[in-house]
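So you know, we letter chains A, B, ... as the sequences are listed, proteins then strands, and number each from 1.
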Amino acid sequence: MKTHIQQLLAGALQTLQQQGTLPADLSFDLHVERTRDKNHGDFACAIALDLAKKARRKPREVAEQIVAALSISALITKVEIAGPGFINFFMAPQALLRVVNDILEAGEAYGRSTVGHGQRVQVEFVSANPTGPLHVGHGRGAAYGAAVADLLVAAGFHVHREYYVNDAGRQMDILATSVWLRYLEQCGEEFTFPANGYRGDYVQQISMRLRQMHNDLFRRQAQQIFAGIPADEPAGGDKEQHIDALIERCKQLLGAGHYRTVFDAGLNEILADIRDDLEQFGVAYEEWFSERSLTSSGAVERALQRLKASGHLYEQQGAWWFRSSAFGDEKDRVVIRDNGQHTYFASDIAYHMDKMERGYTRVIDIWGADHHGYIPRIKAALAALGYDPNRLDVLLVQFAILYRGGEKVQMSTRSGQFVTLRELRGEVGKDAARFFYVTRKCEQHMDFDLDLAKSESNDNPVYYIQYAHARICSVLQQLAERGISFGPDDIRNARLDRLVESHEIDLLHMLSRYPETIETAALSCQPHQLAHYLRELAAALHAYYNAHAFLREEPEVRSARLVLITATRQVLYNGLSLLGMHAPQRM
RNA sequence: GCGCCCUUAGCUCAGUUGGAUAGAGCGUUGGAUUCCGAUUCCAAAGGUCAGAGGUUCGAAUCCUCUAGGGCGCGCCA
């Protein structure tokens, strides 16, 4: 409907330009919007106000000329000029009723569009270090990223979802060393566990299984391990130096092969846990991309060579620096350390180069807000490699603060005292978690009320929406019990023009807004628009249900109403599915 | 200190990308229902859009400054 009006207006403007009534070189973007006030019709356009300025004419005069040039449409009953020069459109009743048939014909496809034209988009999200289970902070990124990706699919994009696995680097070495030390404790060795090691229970589990498989194969004497290692923090030393020395000792005592075995035991087990966790959260990926593969494939080397060849690298104090400050970053960044190892940033450059080489028209990275400082350097690297940095969009997701019983739930990663995503799902369920996470704009700090999320009451929007769906199912369930026939023929022959009540008109308007909601939510990467829409749609259904009986009316009205709520059920189902939620038949 | 983000009703948040009289939910107050599921519905009260300037036909939305809050400023990942 919206695009129909846009086409009408575009036609009128073209006519006026050809006539010379309006300058031919006038540029404008047609913006048709839904009205807030019913007195202003169904759709409004402020184009005359925009053009009046550019053409130096009176807005109302321009509006009148546009309206005069509009071609006639059976879907529009009235066009009005109002206020300073708004053009208001009033929809014909049959145009509104058409939405019901559109929905029933399209079924699960209702709301999908082709605006994306099959453009290839990559969405990378979560990408948490596999050093421990996902926590509730990752959960928001997961729910948000999945919803954005699914919305883009619905809008006709070809989406590639990807998880970047940080399976290399110091944090992973710390994990491997932590696993090994716990293993040694189980072998009977006695020592003080490093302050900077990973202390979570899952590390114990991994080391236990490691020992079950390999017995004492990796056992070394504590004395030998800690000989000459600088003191840990509690002993008055530096915890970073302490752990780094332990990592080196671990590698040296185990040898490359056995070290890799211990390392992979930690990596694989945690990664398997993360995969399973996300799967149960309804989040699926096309690809799990290994950071390590960037080194083995030579991508890192190649990226650095390209930068070096184009003069964007320089050597200083034994290290190689990328001149990112030449591309808007606040300072230059090291890519190869003086010990010859490349930095995490070097991998990141290679990874983003690889994304560009894969030919996506658009690359979306979803990061935690604490990483915002990395955006300029990544964009700088893309520019230095000769790519358009605007192909990359980095979306930042703010943290979520949990509340239970009105109190903030305290969390800190270092002590291992964080609420995991798995625990959250266990407490409030998948549906509530998915919904609550995406109900706020991503750049907005979020208060996550656990009590509300798990309450079975109308305060809880998840229940409210799902109940609307279940309620329709319940009504349709009554048909058989009451011996009322309502089959495909009844649907096809339904007298939809019997839908005249204000609640019915409201509901029809809500239903017709769904495709627009999907499109704008997708194009702006704002799934919260869909979440809010679903709440409004559910409210319209509940209000209708309460105001009118469906099953006790005369057959024509009854059938029309049943068709309307069947369509509503379909849209509720489609919207809930897009957010990864169930649409229950009964609750 | 520098940079990025946030600030809208008592609370949690929307606000169709610059449009018409700023909206929901919760909470508060008052009301409805012999019923297809009371996990429902209707109504009222509640606002200096953090503050001050500016841009223009028109600003919660764009620009500048100020205040408050969050985050980031490693040859860590």
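- Taking a 6.0 Å sphere around OH of A:Tyr573, one finds it holds 12 or fewer heavy atoms contributed by other residues, nucleotides or ligands.
- A:Asp329 is listed as a side-chain neighbour of A:Arg333, based on a closest heavy-atom distance under 4.5 Å.
- Checking the phosphate oxygens (OP1, OP2) of B:G37, a side-chain nitrogen or oxygen of A:Ser474 falls inside 4.0 Å.
- Taking atom CG on A:Leu396 and atom P on B:G70, their separation rounds to 18 Å, with Å as the unit.
- Across all strands, A:Phe345 comes closer than 4.0 Å to no nucleic acid atom at all (heavy-atom distances).
- Here A:Tyr463 does not reach the OP1 or OP2 of B:A38: none of its side-chain N or O atoms lies under 4.0 Å away.
- Using a 4.0 Å cut-off, some side-chain N or O of A:Lys441 falls inside it from OP1 or OP2 of B:G15.
- Taking only side-chain nitrogens and oxygens, A:Arg337 comes nearer than 4.0 Å to OP1 or OP2 of B:A77.
- Dashed line: the shortest gap from a side-chain N or O of A:Arg471 to OP1 or OP2 of B:A38 is under 4.0 Å.
- For the P atom pair drawn from B:C63 and B:C5, the interatomic distance equals 9 Å after rounding to whole Å.
- Per the geometry, CD belonging to A:Gln398 stands 15 Å off P belonging to B:C4, to the nearest Å.
- For the OP1/OP2 pair of B:G70 and a distance below 4.0 Å, the side-chain nitrogens and oxygens of A:Gln444 include no atom meeting the criterion.
- Base-pair partner of B:G23: B:C13 (Watson-Crick or G-U wobble, both distances under 3.5 Å).
- For B:A50, the paired nucleotide is B:U66, the pair qualifying as Watson-Crick or G-U wobble because both relevant distances are below 3.5 Å.
- Atom C1' of B:U12 sits at a distance of 16 Å from the matching atom of B:G46, rounded to the whole Å.
- A cation-pi contact links A:Arg471 to A:Tyr545, judged by a cut-off of 6.0 Å to the six-membered ring centre and 45° from its axis.
- Put simply, the side chain of A:Asp167 and the base of B:A77 share no donor and acceptor less than 3.5 Å apart.
- Between B:G68 and B:U16, the distance separating the two P atoms is 30 Å to the nearest Å.
- Looking at heavy-atom distances under 4.0 Å, A:Arg36 makes contact with a base.
- Counting non-hydrogen atoms under 4.0 angstrom, A:His548 reaches a base of the nucleic acid.
- Interface remark: the A:His371 side chain does not form any donor-acceptor pair with the B:G72 base, using a distance-only criterion of under 3.5 Å.
- Under the 30°/60° scheme for interplanar angles, the aromatic rings of A:His312 and A:Phe322 are found to stand perpendicular.
- Each of A:Asp332 and A:Gly373 lies near RNA chain B, and the nucleotide nearest A:Gly373 is the one positioned closer to the 5' end.
- Side-chain contact check for A:Asp431 versus A:Gln466: some heavy-atom pair is nearer than 4.5 Å.
- Atom CG of A:Asp451 and atom C1' of B:C26 are 14 Å apart (whole Å).
- The pair A:Asp264-A:Arg292 meets the salt-bridge criterion, with a side-chain N (NZ, NE, NH1 or NH2) lying under 4.0 Å from an Asp/Glu carboxylate O.
- Across all strands shown, the partner of B:C2 is B:G72, judged by Watson-Crick or G-U wobble contacts whose two distances both fall under 3.5 Å.
- Contact check, A:His542 against B:A38: no side-chain N or O comes under 4.0 Å of OP1 or OP2.
- Remark: B:C41 base-pairs with B:G31; criterion is Watson-Crick or G-U wobble with both hydrogen-bond distances under 3.5 Å.
- Between A:Asn460 atom CG and B:U39 atom P there is a gap of 14 Å when expressed in whole angstrom units.
- Rounded to whole Å, the distance from NE2 on A:His372 to C1' on B:G72 is 4 Å.
- B:C41 and B:U33 are spaced 9 Å apart, taking the C1' atom of each and rounding to whole Å.
- Ring geometry for A:Tyr351 versus A:Phe289: interplanar angle of 30 to 60°, hence tilted.
- Judged by distance alone, with hydrogens and angles left aside, A:Tyr374 brings a side-chain donor or acceptor within reach of the base of B:C76, the pair sitting under 3.5 Å.
- Nearer the 5' end of RNA chain B, as judged by each residue's closest nucleotide, is the contact made by A:Arg482, out of A:Glu291 and A:Arg482.
- As rounded to whole Å, 9 Å separates atom P of B:U16 from atom CD of A:Gln526.
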